[in-house]
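Inspection log for the structure reproduced underneath, given as structure tokens.
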Amino acid sequence: KPHQFWQTQPMPNINEMDKLKPGPIQLGVLAEVRKDPFNLIEKYEWFNVDLRNEEQAQQVYTLLKENYVEDDDNMFRFDYSIEFLRWALLPPGQYADWLVGVRVNQKLVGFISGIPVTLFIENQQNKVKMTEINFLCVHKKIRSNRLAPVLIKEITRRVHIKNMWQAVYTAGIVVPTPISQTRYYHRSLNAKKLIEVGFSSLSARQTISRQQKLYKLPEEPKTPGLRPMKKKDVAQVTKLLNEYLKNFKLYFKYTEEEVKHWFLPRKDVISTYVVEKEQGIVTDFLSFYNLPSQVINNPKHTHLKAAYSYYNVATQTPIVQLMYDALILAKNEGFDVFNALDIMDNDKFLKELMFCSGDGQLNYYLYNWKLENDMLKPEEIGIVLV
Ligand SMILES: COc1cccc(CC(=N)NC(=O)c2cccnc2OC2CCNCC2)c1
């Protein structure tokens, strides 16, 4: 039976959609939350991962590098770096028991992560403290042991114990019940490499040099005053971001502490550039994160260097110009491709900047929450997961 696990979860399913009113589907009762971890099969044990510990970080890195998400044709696999994982999973307010590992004989064979977020859902009244779930991964060799449902139940229990009852996550697959089905797009920065690794293909009339000319970019960005973000910009970036995100039906509200964590540039992890035309006034910013993919058995290349659009706020600079500069900056940082979803205002630049649509979709999920109209359009989504 498909989705035998998901039918047991508080996610609106088809027939009961209309009966539920917007808001939590099940009201959690703290006293009823199991105090002890779920049972694991013989020899498997729970393990809280300390990402600050080099050896444990290496274990998570290797598990993901070898067993995490691949594209539909199994040609590429995400290769998150240790520094990236520390950025993604050690934000302000993180809980030590929300980085959940499963070990067998000291070897990590399963993982799932949660970070605390405050999500605004469909209006200012619904400000919900919840968890953002990510990095669910089970070693390829033990996929049939039904370990994934236990990882999900265990992190759910650890979230419930903190009196939080909702979660937000994304997945390439469709399980009950997506709140939005977004599409991904990519913009070639290094046409030759994309063809060599098989990410792009040439049609009969196309040649590599034609493609290189087609996607060629200027050496330098156009926008005057564009520069890497610095600590002194945090207050203005926080205001710009929080103001901009109010346009959407699903968004986080950021403290300055959180903006420091999520946006101050980190080499090979996150790049953020601000526009300061007039002395001291920041009017726009752009950001993209670094998520390379391992190219699975290619004679010439081991990795595809991909930049992923993060948050971009254009209040004085036209969004197309700002994102054109993002492409130039990403190219100059050595990326081969620039990826984006059709969320927020991205559809305002995807076509014009020659993004091609990818072959899959990224589904957004909200656990234990009924939306007013069940689904949101991609342009109503104001959150980017890594
Ligand atoms: C090119 O190498 C890949 C390696 C693994 C999977 C995919 C396809 C894919 N599933 N892409 C996305 O999910 C995606 C496409 C555009 C923007 N963000 C994305 O995913 C982000 C956000 C969700 N967590 C993974 C990274 C591509």
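Every value quoted in this text rests on a predicted model; they were computed, and no experiment measured them. Atoms within each ligand, like the ligands themselves, are counted from 1 in listed order.
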Regarding Trp165 and Asn163, do their side chains bring together a donor and an acceptor under 3.5 Å, going by distance alone? yes
Have Tyr311 and Tyr254 got a donor and an acceptor in their side chains that come within less than 3.5 Å? yes
Any Tyr169 heavy atom less than 4.0 Å to ligand 1: no
Within the structure, is a non-hydrogen atom of Tyr289 found at a distance of less than 4.0 Å from ligand 1? yes
Could you check whether Arg266 pairs with Glu83 (Lys NZ or Arg NE/NH1/NH2 to Asp/Glu carboxylate O, under 4.0 Å)? no
Does only the side chain of Tyr80 get under 4.0 Å from ligand 1, or the backbone, or both, or neither? Count heavy atoms. side chain
At under 4.0 Å between heavy atoms, which part of His186 makes contact with ligand 1: side chain, backbone, both or neither? neither
Decide yes or no on side chain to side chain contact (heavy atoms under 4.5 Å, CB included) for Lys300 and Val197, but give the supporting numbers first. CA-CA 8 Å; Lys300 198 171 176 191; Val197 300; over 6 Å; no
Near Asn53 CG, under 6.0 Å, is it more than 12 heavy atoms from other residues, nucleotides or ligands? yes
Nearest neighbour in protein (non-hydrogen) for [atom]:
| atom | result |
| --- | --- |
| atom 2 (O) of ligand 1 | Ser293 OG, 2.9 Å |
| atom 24 (N) of ligand 1 | Val386 O, 3.1 Å |
| atom 27 (C) of ligand 1 | Asp71 CB, 3.9 Å |
| atom 17 (C) of ligand 1 | Tyr308 CD2, 3.4 Å |
| atom 13 (O) of ligand 1 | Leu362 CD1, 3.7 Å |
| atom 9 (C) of ligand 1 | Tyr184 OH, 3.5 Å |

Would Arg157 and Glu154 satisfy salt bridge (charged side-chain N to carboxylate O under 4.0 Å, His left out), going step by step from the backbone distance to the final call? CA-CA 5 Å; Arg157 186 188 68 82; Glu154 179 57 15; 2.7 Å; yes
List ligand 1 atoms under 4.0 Å from Leu385, heavy atoms only on the residue side. 22 (C)
For ligand 1, which atoms sit closer than 4.0 Å to a heavy atom of Leu341? 16 (C), 17 (C)
Run the salt bridge (charged side-chain N to carboxylate O under 4.0 Å, His left out) check on Lys140 and Glu70 step by step: do they pass? CA-CA 12 Å; Lys140 284 174 183 263; Glu70 296 172 6; 2.7 Å; yes
